[in-house]
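The block underneath contains the structure these notes are about, expressed in structure tokens.
All residue numbers refer to positions in the sequence shown, counting from 1.
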Amino acid sequence: MSVIVAGEDPNDIATAIEAEGFPVARVDIANRPALEEAGIVDATAYVLTEMEQATSISVAKDLNPELRVVVYAAGSLPDFALAQADLILDPDLFDPEDVAAEL
């Protein structure tokens, strides 16, 4: 299993996922070229840490339809992205280590 973490990652979910033994690629701005370079085509999960980059979910799913999408950010996900997200978690309610263990 490989994971792409997109966004600033203020709660350090990427480190927690790596501690669980999964390879992680980090992308600050999740546009198509950055996602392709990070290996989204072969990734198992996509973790978005910024609601402002919600459009990247559609791009990621276009490149890898089997991708599991986890949103780990405070706020509301725009309606257009809700149907493509598998799991939406608020970092104020779930510790990064607990989320990583469930991946």
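- If you chain together hydrophobic residues whose side chains sit under 4.5 Å apart, I4 and M1 never meet in one group.
- Using a 4.5 Å cut-off between side-chain heavy atoms of Ile, Leu, Val, Met, Phe, Trp and Tyr, with links allowed through other members, V99 and I88 fall into different hydrophobic clusters.
- In terms of heavy atoms, A43 sits closest to S2 at CA-OG, 3.2 Å.
- The heavy-atom pair separating Y72 from P96 by the smallest distance is OH-N, 3.1 Å.
- Side-chain atoms of E20 do not come within 3.5 Å of backbone N or O of A100 as any donor-acceptor pair.
- Taken from CG in D62 to OG in S56, the straight-line distance is 12.5 Å, to the nearest 0.5 Å.
- Proximity of a side-chain donor or acceptor of T49 to a complementary backbone N or O of A6 within less than 3.5 Å is detected.
- In this structure, L63 CG and R32 CZ are separated by 4.0 Å, a value rounded to the nearest 0.5 Å.
- In this structure, CD1 on I29 lies 5.0 Å from CD on Q53, to the nearest 0.5 angstrom.
- Under a 3.5 Å cut-off, the side chain of D90 and the backbone N or O of D92 do form a donor-acceptor pair.
- L48 is connected to L82 through a chain of hydrophobic side-chain contacts under 4.5 Å among Ile, Leu, Val, Met, Phe, Trp and Tyr, so both are in one cluster.
- The backbone N or O of A34 lies less than 3.5 Å from a partner atom in the side chain of N31, making a donor-acceptor pair.
- No donor-acceptor distance shorter than 3.5 angstrom exists from the side chain of D86 to the backbone of V70, with no hydrogens or angles considered.
- When the side-chain contact (heavy atoms from CB on, under 4.5 Å) test is applied to V24, the partners found at least two apart in sequence or on another chain are V3, V5, A14, I17, E18, R26.
- No donor-acceptor distance shorter than 3.5 angstrom exists from the side chain of E8 to the backbone of E50, with no hydrogens or angles considered.
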Check: What's the verdict on side chain to side chain contact (heavy atoms under 4.5 Å, CB included) for I57 and L77, showing C-alpha distance, side-chain angles and the deciding distance?
Finding: CA-CA 11 Å; I57 295 172; L77 192 63; 4.1 Å; yes
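- A distance of 12.0 Å separates OH in Y46 from CG in N64, rounded to the nearest 0.5 Å.
- In terms of hydrophobic clustering, with Ile, Leu, Val, Met, Phe, Trp and Tyr side chains grouped at heavy-atom distances under 4.5 Å, M51 and V27 are assigned to a common cluster.
- L87 and I13 fall within a single hydrophobic cluster, where Ile, Leu, Val, Met, Phe, Trp and Tyr side chains are chained together by heavy-atom contacts under 4.5 Å.
- In E102, the CD atom is not crowded: 12 or fewer heavy atoms of neighbouring residues, nucleotides or ligands sit closer than 6.0 Å.
- Closest of all the heavy-atom pairs between L35 and A30 is CD1-O, 3.9 Å.
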